[in-house]
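Reading through the structure tokens given below for one structure.
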Amino acid sequence: MASIGSKSIMCLIVFVLFYMQQVKSSSELELLLSMKTSMKDPLGSLHDWIPRSQSFCHWNGVVCDDLSHVAKIELSGKNLSGKLSETIFNFPHVESIDLSNNQLYGEIPSNMSTCLALRFLNLSNNNFTGLLPQGSRIPLVETLDLSNNMISGKIPENIGLFSRLKVIDFGGNVLVGSIPKSIANISSLEFLTLASNQLIGEIPRELRLLKNLRLIYLGYNNFSGGIPEEIGELSSLYHLDLVYNNLTGEIPSSLGNLTNLEYLFLYINKLTGPIPRSLFNLKKIISLDLSDNFLSGEIPELISQLQNLEVLQLFANNFTGRIPNTLSFLPRLQVLQLWSNKLSGEIPKDLGKHNNLTILDLSTNNLTGKIPETICYSNHLFKLILFSNSLHGEIPVSLSHCKSLQRVRLQNNHLTGELSPEFTKLPLVYFLDISGNNLFGSISERRWHMPSLQMLNLARNKFFGTLPNSFGSKKLENLDLSENDFNGTIPKNFGELSELMELKVRSNKLSGEIPNELSSCKKIVSLDLSHNRFSGQIPTSLSEMQVLSLLDLSMNELSGEIPPNLGKVESLVLVNISHNHFNGYLPSTGAFLAINSSAVVGNQLCARGDDITSGLTPCKSLKKSSIWWFFLTFLLGILVFLVFSALVVVFIQRRRELKRKKVESTTQDGNNWEIQFFDSKASKSITLDDILAIGISYKGFYSEISNMQMFVKKLNVNITRSFWTNIQELGNIRHPNVVKILAACKSEKGGILVYEYVEGKDLSEVIRVMSWERRQKVAIGIARALKYLHCSCSPSIFIGHLSPRKVIIDGKDEPRLRLSLPTTTAYVGPEYNGISEKSDLYGFGLILIELLTGKNSGDAEFGKRESIVDWARYCYSECHLETWIEPLLKSDAVNNQNKMVEMMNVALQCTASEPAARPCASDVAKALDSFLRSNSCGLGLKRCGSV
């Protein structure tokens, strides 16, 4: 009986355990289903999360332990959205939760402390808001990654309660306050990342207690004070990054004790003094960046001890003395940037011979001597920047065989000699500037074959002879041959340069007529032919150059009358025709209306009517003493009068069509409306009544008169007296990346703009499905439009509300900006107090971030646009491309990683918190054009060197 009783008890125990197991499984099932209901799943990643006979252990993203309990939840990068349910921390056995790289939002549930088995938690790259979780006694948690969200507030004072943590990553949020000293209680901590927040105060000296620390990343904050000497006690440290703070004082010599250190980044602070000699004990160092500080003294020869060094960046400091010869003997050195210091002496003669140089930038120093022949021995050098020094001698022959070169800037030195035949055949060079030297010789006697060339500047040298028919590139955009001794004519083949935007040949001895073929260069914005010996008339075909903005023909021997149509080129804003032999009337339209007297002096021109701005005398009929001449003149006068009268009638009619017309509307509120046309075809096709009849909407419509399609938009701005002045500036813009305004209407209570109709969708609608190639095209197109608006329009046009919704992507994938009177949006700079060039650049930077990451900076749900920029800064500095690039672009990242990182570099400079630190539109356009069209890392605007 006892035996039977014990068996019964055992069976009962087994049954109870089995029952409890089933209850727990049932509970975990309910928790999983509750999780699912709280999230949106557009990709169907949770499609198999449904109750059925199959165990949830086989569900996508769920991993169970040996007892069939949920041990891991792995749903990274599934595009899940919604708020995170508290049930996520109710799984009793879960050890790992990874929901990174999704679109989850709201606050992080406060019940984390109930998840006692948790070891790993990754909620990075989402849109979480609210505060950080309070420090809890979760006995096993080792990794806490909440980076790249929008979490605010302070780091909890009791953070030290997470006593088992090995990894803390709170980077890329909007945290404020200082680092709590209690963090020193986490003795097991190995990785500490708090970068890209708004943290202040001094870096705690208590960090010295964290002896297991291997990585410290506190960059992109507002830390002040000095670098704690105590950091030198962290012997396990291999990565120290304190960039972009307000750190002052000298670099502690104790950092030389970090013998395992591989990466030391201290750039963009306010550090002073010399480089501590102890730093040259860091035998494992791979990358050393101390740039953008106030460091001084000489660069010691001891640098030869850093035999593993690959990247050395000391630019933008106050270093003096010579470049150490021992740099030549660092076998792994790839990037050397020492620009913008006060270095003197010669470049080490063996530099490059024993290195693996890819980027060398020594510009803006006081260097003398010759360019070393060994500089491209690695055959990997693609960026050579030596401008603004006092270098002399010839360009080394070895550079003519350096097939890897892509960007070469040697301007403003004292270089001499001729260009070797091979130098003009470098296949990958896209940017070549050797201006401001003493180079000489004929450039037409050698064959130019530079198929990648986009920018060529040979100005301010002593080149002579005729111009070559071709430079061996169909991509040439900027060509400057000014201030040399070139003679002969401009080759007609220049008309085949379809991408040319700027042509300068001033101050040479060129002669002959201006070739009609130049009008085939439809993208030319600036044409400077001044101070030469050109003769003949101005080709009437120049009026066909629809984006021409600057035309300088001064100091030549041109004659005849000014083509009337030249005044009708609406993009033309600056003209100089002084000191030629022109006669007749000065056109009274376009850029000639307000031309300065200095721009027309030295001709036989006269002004029409009451034009006084040009300083020219009014045109008068000449008196003839002879009766015959009087009679003939009289007859001719009558004939001219009749013809002129007919032309005046036509002209007045045309002017009436194009000028403002005040019209009494028939609307119910009795408003008086005015309309002004900026397009002759539109003035003949539509009337004010047509526009008002459409209704004030965002729809395209066809005019019944000419089947002309247009787009009508209501202006939600106050109509002021300056309305017509502002609209006139916008209506005169003609650029391939700007939507043309056809007409404008206004009343006392509102306004309407009529645009040409562009078939396509706005960027915000298509950005998430665009390929990398299409996104590059969009970035370059917008940059070119900004460059035109800021640099070529007079006065400059500032958008003030640049956002993806203002960019139309047409059928050819070209971006088209739709301009309007400015309003404020999330895409203006944080300093917003009016529109400017810098506020436009801020908006463009946010668009670049969105093109790269897919994250929408203006999303009202999150509201803090600064956090998007901070997050982007964090991503860029970390260089973990796969963590921030748009998932759709990951397959393109394999071959385009450098370009993507460089575009982010430009984006971050455009979104600098200080407006003065943002680049200008022309530099941005050149930067994007240069590196997006090249095959590797481009120039950037700051971090990649002095471009």
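The figures that follow rest on heavy atoms only: side chains count, while hydrogens, waters and symmetry mates do not.
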Fill in the blank from the handout: Applied to residues 118-129, the salt bridge (Lys or Arg N to Asp or Glu O under 4.0 Å) test, sequence neighbours excluded, yields R119-E142
Fill in the blank from the handout: Residue pairs passing the salt bridge (Lys or Arg N to Asp or Glu O under 4.0 Å) test with at least one member in residues 210-227, sequence neighbours excluded, are K211-E233
Kindly write out the residues that satisfy salt bridge (charged side-chain N to carboxylate O under 4.0 Å, His left out) with [X], not counting sequence neighbours, or none if the list is empty.
| X | answer |
| --- | --- |
| E190 | none |
| R208 | none |
| E310 | none |
| R768 | E886 |

Problem - Aromatic ring proximity H69/F91, centre distance under 6.0 Å - result: no
Handout entry: Donor-acceptor pair between Q198 and N222 side chains, under 3.5 angstrom
Key = no
Handout entry: Residue pair N269 / N293, side-chain donor-acceptor N/O under 3.5 Å
Key = no
Practice task
Kindly give the heavy-atom pair with the smallest separation between N126 and L99, and that separation in Å.
Solution key: ND2-O, 3.0 Å
Practice task
Any chance you could lay out the side-chain contact (heavy atoms from CB on, under 4.5 Å) test for K284 and N260, step after step, and finish with the verdict?
Solution key: CA-CA 6 Å; K284 294 184 179 180; N260 288 307; 2.9 Å; yes
Holding to side chain to side chain contact (heavy atoms under 4.5 Å, CB included), I want the full list of residues that pass it with [X], two or more places apart in sequence or in another chain.
| X | result |
| --- | --- |
| N257 | S254 |
| S38 | S85 |
| K270 | N246, T248, F294 |
| T114 | F89, N90, N111 |

Completion exercise
Contacts satisfying side-chain hydrogen bond (donor to acceptor under 3.5 Å, both in side chains) that involve residues 39-51 (not counting sequence neighbours) are none
Exercise for the section: Could you list all the disulfide bond (SG atoms under 2.5 Å apart) pairs where at least one residue sits in residues 216-248, not counting sequence neighbours? Expected result: none
Practice task
Hey, can you tell me if Y238 and Y263 have their rings parallel, tilted or perpendicular (30° and 60° cut-offs)?
Solution key: perpendicular
